[in-house]
Number of protein chains: 4
Amino acid sequence: MSDTMEQWIEELLRSDADGAKMTEKQARIVQSAIEVFAEKGYAASSTSEIAQRAGVAEGTIFRHYKTKKALLLAIVAPAMTKLLAPFVLRGFNNVLDSEYDSYEQVLRAMIENRIEFLRKNRSILKILLQEIPFHPDMQARLQRDVIAVVLERLRRIVAKFQTGGVMKELPSATVIRLSLSAIMGYIATRTVYGEREDAEWDDEREREDTIAFVMRGLGLRQ
Amino acid sequence: MSDTMEQWIEELLRSDADGAKMTEKQARIVQSAIEVFAEKGYAASSTSEIAQRAGVAEGTIFRHYKTKKALLLAIVAPAMTKLLAPFVLRGFNNVLDSEYDSYEQVLRAMIENRIEFLRKNRSILKILLQEIPFHPDMQARLQRDVIAVVLERLRRIVAKFQTGGVMKELPSATVIRLSLSAIMGYIATRTVYGEREDAEWDDEREREDTIAFVMRGLGLRQ
Amino acid sequence: MSDTMEQWIEELLRSDADGAKMTEKQARIVQSAIEVFAEKGYAASSTSEIAQRAGVAEGTIFRHYKTKKALLLAIVAPAMTKLLAPFVLRGFNNVLDSEYDSYEQVLRAMIENRIEFLRKNRSILKILLQEIPFHPDMQARLQRDVIAVVLERLRRIVAKFQTGGVMKELPSATVIRLSLSAIMGYIATRTVYGEREDAEWDDEREREDTIAFVMRGLGLRQ
Amino acid sequence: MSDTMEQWIEELLRSDADGAKMTEKQARIVQSAIEVFAEKGYAASSTSEIAQRAGVAEGTIFRHYKTKKALLLAIVAPAMTKLLAPFVLRGFNNVLDSEYDSYEQVLRAMIENRIEFLRKNRSILKILLQEIPFHPDMQARLQRDVIAVVLERLRRIVAKFQTGGVMKELPSATVIRLSLSAIMGYIATRTVYGEREDAEWDDEREREDTIAFVMRGLGLRQ
DNA sequence: CATGAATGAGTATTCATTCAT
DNA sequence: TATGAATGAATACTCATTCAT
C-alpha cells in the first residue's frame, strides 16, 4: 500500500492536472508553493516569494497557472484524490471485502495508512486543512469526492463486523466516528508530542492502548 | 457555570485588555473584526473592510489597536483566558476534588461545558484555530497558559478514578487523550452534521453512545 | 549685550506673537516643538509626538496654533527678530556709530555676538536654516526684515573705517562678505570640530588667527 | 577637468549603483526624484508625486528602489563620489604635486572647480545639504569618504606653499579653513545674488577681490 | 517556453485637523 | 481652556497579474 503512496508526490510533480508532463521548472514551482503555503498560509504567501524560491521568474508561474488560486488547487486537488486512493483502489478490485479478518485489523490498517500518509504529506495536508474553510468549492469537492466515498467504503467494512453485541446496536456511522476519533486523536497527539525529544511518548504502547480502547468500547474481543 | 459563560463576549465587548471601558465604536470594531477574520481568515481580511462593517473610519481602528495583529490578539487572548476559566474557577475553591462521583459525570460535564462554550464562541474559536499555526507567540501562550493548566487539572481528576482495572493500568495522559478524542469527535461531528436540516443526527443518542463507548473502553461500569 | 540675549528664549516662552501671555502648557508645546523640529526636521515631525513630549493632548496644540505651520512660524519668526536685535537696539540710540574704535573691535564684537547667539539658539537656528529654502514667505521676511537691515547697519559701520588703503578701494558689500565669510567659517568649524573631545582645536588661537587674517586681508593694521 | 564633470549626471542616469544599465523609466524616476526632493525636501516629497512626474506607476519606483530612502541614496551617494573625483584623479597620477606654481593658482582652481560643479549639480547638492543632518549614515560616509580625503589632499598642497612668513606660522588646517571660507562665501553670495537681474554683482571683480584678500590675509604676494 | 519590467489596485498605517464634551 | 476620540486623506510599500521581448 505504502509503496504506491510513497511515490505520489513525485507523480504530482511529474504531471499536471491534465496529465500533461511537468517541466522541471513547473515542478520547482509546485515544490516551492507547497513550502511557502505551508509556512505562511495561502493568503500570506506571495507569488514572488514562490518564484524566488523556485528560482524562476515571476511571470513563469502565471504561464503554468492562470492565477495564484489555480496554483493552490493544483496542489490541493491531487491531494484529495490521493487521500482516498487506498480505498478506491481496493474497492475497485473488490478484494477488500474479504481482506480483513477482524475489526482490529481494520483499525491497524487505518492507523498505518494514515500515519504513512501524514508522514509524506504533512505540508500538503496542512495547506488543505488551513484552506478548506475558506473555499466552498474545495469543501464541496472534498465532501463529494472524498468523504462520502470513504465513509461509504468504511460503512460497508464496518457492516461486515456488526454481527452482534454492542456493535450491532450502534449505527455504523457512529462506529466509524468513534473509531476515527480515537485514531485521529492518537495520530494528532503523536504528531505533536511524539516528536519532541523530551517527550515521554511510548508509541508502541499508545497505539496498542488505543486499539484496545476502541475494541473494548465497541464490545469486541481482541 | 454556563451562566457566567454566556456573558463573556459581552464582557469582552465592554472592556478591553487593560480593563478600560470600551467605547461603543471600539466594540463595533471588535465585533466586525471577529466577523471578518472568521469569514476570510486573518491574512485575507483587510482593515478597511473591518472599518466599513463597523461603520467607523479606518483610522479609528488604529487609534484603539496599534496594528492589525494587536486587534487579532485583543480578540484571541481573552478567548484563551475564558477557555480555561471553568477549570481554574473550580480548582480555586477546591470543591471539585469531591465534585464528581463518577467518571461518567466528568465526561458529561466536559461535553456540556465544551458544547456551551463552542456555541457561544464559534467565530472566535475558528479564528484561534486558524491562526495558531502562524503565530508562535500565540502557540506558546496557549500551551503555557491553557493546555498545561487544563491537562494538569484533568490529570488530577482522572487520577481520582484510577482505582483499579483497565483504568489503573493506563497512564492518566492516555485516559485523557482517549476521553477527549471521543468527546471532540462527537462535538465536531455534531457541529458539522448536527445542524443540517436533512441530517439524521439523533443528538441525545449519539451523546449517550459516546459516553458509553468511553466508559466501556476504559473498563468502567456505567 | 548677551545679558539681554540670554533671556530671550524665556521671553519667547513667556508671551506669544500677539504679546499675549503664554500658559505653561503653551510654553511646553513650543519647547517640545523646537526639540522635535530640530531633531527630525519640520516635515518629518508629527504633532502627536510634540504633544506627547509636551505632555498635552493633541488637540491642545491646535487650540493655540491653527496649523502645524503656524507653530513653526511661532518659533521661527521671533528668532528672526532676535537675530537682528543687537543691531537694531544699538542703531536705535545711535550710540554705536561711535562705539567701535577699530575694525578689529567690530570683528571681535561680531564673533562674540554670533557665538553667544548660536550657543543659546542652536536648535532654533537649525530649524530656521533647514526650513528657509521651502518657505518663500519666510525667505522674504528674512531678507526684508533681517538681512537688509543688518547689511545696511554693517555697511555704515564699515564705511566709517574705509578711510584709505585697500579697504577704501573695496565696495563695502565686499568687505562685509569677506569679513562674514571668515567669521562664519570660524564659527562653523568651531561648532563642528571644537566640541569633539579628541579634537585639536585651540579656540583662542584660531580666533586670533582669523581676526588677523581678515585685518591683513583688508590691509589694516592690528 | 570640467569636461568630464559635465557628463556625470548623464552618467548617473545611464547606469545605477551596480553599474547596471538604467532603463529609460528608471532614468525618469531618478530625474523626477531629484526635482521633487530639491523642491520640497525629502520628507515632504511623496513617492506618488515622483511617479506622476516621471510618468510611471508608483509601483515601478519600488521595483527599482526598495524604499524611498534607497532612492535618496541612489541620488546622493554618487554625488559624494563625484564631489571628490577631481582630487582623487589628480592625486592618482601624482601630477598635482607639481601642478600649481603658486597658491593663487590653487585658489583659482578651487573656485573654478566648485563653481562648475555647483552649476551642474545644484539640485543634488541642495538635497545633500538638506538631508545630511538627518541621516547619520550619510554623515559618516561623507566625512570618511569625502571630507577626510579632500582635506588630506589640500593639506599636502598647502604644505608645499608654507615656506615662510605668515603662512608658515599658521597650521595648514587653518590655512585651508580660511581659504575655503572665503571661496565658499564668494560662491554662495554669487549663487544667491549673482543671478538676479537687478543685482550689482561684478563677478570678475568680486572673484579677484576675494583672491587678493586671501593672498594678503595669508601674507602672500600676488 | 521563459523572462522580468511594468502596472494599478490594494495594504496597513500615519497624520494634521476637528469637535463634542 | 483642555481633552482625546474620531476622521479621511495621504503615505510608503506590496502584490497578483500582464505582456513585449
Side-chain angles (χ1 to χ4, degrees), chain A residues 23-26 28-29 42-52 54-71, chain B residues 22-26 28-29 42-52 54-71, chain C residues 23-26 29 43-52 54-71, chain D residues 22-26 28-29 42-52 54-71:
Chain A
T23 68
E24 189 233 340
K25 297 211 173 199
Q26 198 172 353
R28 287 213 312 270
I29 289 170
Y42 170 73
S45 301
S46 77
T47 50
S48 89
E49 181 175 356
I50 293 168
Q52 214 173 317
V56 304
E58 283 200 62
T60 309
I61 291 179
F62 292 90
R63 185 147 299 279
H64 295 286
Y65 305 95
K66 260 188 117 132
T67 64
K68 189 185 165 192
K69 176 148 188 196
L71 176 55
Chain B
M22 267 191 177
T23 69
E24 187 233 340
K25 299 219 169 192
Q26 198 173 351
R28 288 215 311 272
I29 289 169
Y42 171 74
S45 301
S46 78
T47 51
S48 89
E49 180 173 358
I50 294 169
Q52 214 172 319
V56 302
E58 215 175 334
T60 307
I61 291 178
F62 292 93
R63 180 149 292 276
H64 294 288
Y65 305 95
K66 271 186 123 127
T67 63
K68 189 186 165 192
K69 176 147 189 197
L71 176 56
Chain C
T23 68
E24 189 231 341
K25 297 211 173 200
Q26 199 172 352
I29 289 169
S45 302
S46 77
T47 49
S48 88
E49 181 174 358
I50 293 168
Q52 212 174 317
V56 303
E58 282 199 63
T60 309
I61 290 179
F62 292 91
R63 187 147 296 280
H64 294 287
Y65 305 94
K66 262 188 117 130
T67 64
K68 188 185 165 194
K69 176 149 188 196
L71 176 56
Chain D
M22 268 190 175
T23 69
E24 187 233 341
K25 300 218 170 194
Q26 198 172 353
R28 288 215 310 272
I29 289 169
Y42 170 74
S45 301
S46 78
T47 50
S48 89
E49 180 172 358
I50 294 168
Q52 215 172 318
V56 303
E58 215 176 334
T60 307
I61 291 179
F62 293 94
R63 180 150 292 276
H64 294 288
Y65 305 95
K66 268 187 127 127
T67 63
K68 190 186 164 192
K69 176 146 188 197
L71 176 55

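Naming: A, B, ... by sequence-line order, numbering from 1 per chain.
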Does E:dT7 have its OP1 or OP2 closer than 4.0 Å to a side-chain nitrogen or oxygen of D:Lys25?
yes
So, OP1 or OP2 of E:dT3: does either fall under 4.0 Å of a side-chain N or O from A:Thr60?
yes
Just the rounded figure in Å: distance from P of F:dT11 to CG of D:Leu71.
15 Å
In whole Å, what is the span from the NE2 atom of C:His64 to the C1' atom of E:dA16?
17 Å
Please state how far atom CD in D:Glu24 lies from atom C1' in E:dA6, giving the value in whole angstrom units.
13 Å
Can you identify which nucleotide, out of F:dT11, F:dT3, E:dA6, has its nearest atom closest to the C:Val56 side chain?
F:dT3
Please report, rounded to the nearest Å, how far the P atom of E:dT11 is from the CD1 atom of B:Ile50.
11 Å
First encountered from the 5' end of DNA chain F, between B:Ala57 and D:Ser45:
B:Ala57
Earlier contact from the 5' end, DNA chain E, for D:Arg63 and B:Lys69
D:Arg63
Check the distance between E:dT14's P and B:Lys68's NZ and give it to me in whole angstrom.
15 Å
How close or far is atom P of E:dA6 from atom CD1 of D:Ile61, stated in whole angstroms?
12 Å
Report the residue (D:Gly55 or B:Ser46) whose heavy-atom-nearest nucleotide on DNA chain E is the more 5′ of the two.
D:Gly55
Minimal heavy-atom distance between D:Phe62 and D:Thr47, with the atoms involved, is CZ-CG2, 3.7 Å
Between P on E:dT11 and CD on B:Glu49, what's the gap in Å once rounded to a whole number?
9 Å
Tell which nucleotide pairs with F:dA2, taking only Watson-Crick or G-U wobble pairs whose two distances are both under 3.5 angstrom.
E:dT21
With a 4.5 Å limit on heavy-atom distance, are the side chains of D:Leu71 and D:Ile50 in contact?
yes
Whole Å only: how far is the CD1 atom of A:Ile29 from the P atom of F:dA16?
14 Å
Counterpart base for E:dA16, defined by Watson-Crick or G-U wobble contacts under 3.5 Å:
F:dT7
Once you apply a heavy-atom cut-off of 4.0 Å, does C:Thr47 come out as touching a base, just sugar-phosphate, or nothing?
base
Please indicate whether B:Lys66 has more than 12 foreign heavy atoms, meaning atoms of other residues, nucleotides or ligands, lying under 6.0 Å from its NZ.
no
Do D:Ser48 and D:Glu58 get their side chains close enough for a donor-acceptor pair, meaning under 3.5 Å?
no
